[in-house]
Amino acid sequence: MRDHRRRTTLVMAGVVALAALVGGCTTAGADTRGYKLAPPRSVGEYEKRSGDFRYVGKIDCAGQPSDADCYQGATEVIGIGISPRDANRIVRNASGTGAYYRSGPPEGAADTKWLAFRGLQGDIPEPDQAVDRFFRSIAKREQVPFRGIKLVRGTVEDFGIGGYDGAVMRCRKAKGTYNGAPEAVCVWADHSTVAAVNAPLSMSELADLTRQLYKTSRKKK
């Protein structure tokens, strides 16, 4: 009888432990739905360039993409820098935002440091796929702000963003198309935002700054 009770106790303890383990593995992080992007004034040592445009608003030009002025405003330097069709392949119901950042001497000096940030917000059921689609869009030169770089094949690495439901971040090495200078690109996605950050830094250095931007640029709608 005593042995039977002991076996029963051990079985029950095992069930409780298994339930705790499974629960720990499936516990989701902070909900990432319902956020928009608002570039912060600074990230690390980098300050947002004064007078920078913010690109907030629907990319689809209120249903009038045939309007030349509207289309240019949505796709060129005064807009997000990606066509409505290409943006909506990455994010459903996409709208966009972005900013340039710099550090050090005035812009144009040889030792000026810079960082580019571009993002989309909308409905993202599969963040992992959104990251891949964003990288493909950059590689296909669909995005004006990233046409000056070439992604280096076989250099993709995963960099985690802990504590956020569905959040994914990957980085790749890149080269400037004009001078061949080494750069990196990091892309994150969660259930409502996807963004790319580009700078002449190592992947690990850029990943640290991208994590900071992820935490400071997302605002609840």
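None of these values were measured; they are calculated from a predicted model.
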Lys113 bridged to Glu45 by N-O distance under 4.0 Å = yes

Close side-chain approach of Arg170 and Asp132, heavy atoms under 4.5 Å | yes

Is the Lys NZ or Arg CZ of Arg118 less than 6.0 Å from the centre of Tyr100's six-membered ring, within 45° of the axis?
-> yes

Side-chain heavy-atom pair Ile138, Asn198 within 4.5 angstrom cut-off | no

Can you find a heavy atom in the side chain of Ser217 that is under 4.5 Å from one in the side chain of Pro40?
-> yes

For the pair Thr177 (side chain) and Lys150 (backbone), establish whether a donor and an acceptor sit closer than 3.5 Å, ignoring hydrogens and angles.
-> no

Lys220 side chain vs Arg33 backbone, donor-acceptor pair below 3.5 Å | yes

State, yes or no, whether a side-chain contact exists between Arg172 and Cys186 at a heavy-atom distance under 4.5 Å.
-> no

Side-chain contact test, heavy atoms from C-beta onward, threshold under 4.5 Å: evaluate it for Leu213 versus Val197 and give yes or no.
-> yes

Tell me, do Met169 and Thr210 make a side-chain contact under 4.5 Å, heavy atoms counted?
-> yes

With sequence neighbours left out, what residues match Asp190 under side chain to side chain donor-acceptor pair (under 3.5 Å)?
-> Thr193, Tyr214, Arg218

Side-chain contact test, heavy atoms from C-beta onward, threshold under 4.5 Å: evaluate it for Tyr46 versus Phe117 and give yes or no.
-> no

Those residues that, when tested against Glu205, pass salt bridge (charged side-chain N to carboxylate O under 4.0 Å, His left out) (two or more places apart) | none

Kindly confirm or rule out a cation-pi arrangement of Arg49 over Tyr101, judged by NZ or CZ under 6.0 Å from the six-membered ring centre and within 45° of its axis?
-> no

With sequence neighbours left out, the residues meeting side chain to side chain contact (heavy atoms under 4.5 Å, CB included) with Arg141 are Arg147

Do Ser192 and Gln121 meet the criterion of a side-chain donor-acceptor pair at a distance under 3.5 Å?
-> no

Mark yes or no for whether His191, through its side chain, and Thr32, through its backbone, hold a donor-acceptor pair below 3.5 Å.
-> no

Carboxylate-amine/guanidinium proximity below 4.0 Å for Arg133 and Asp128 | no

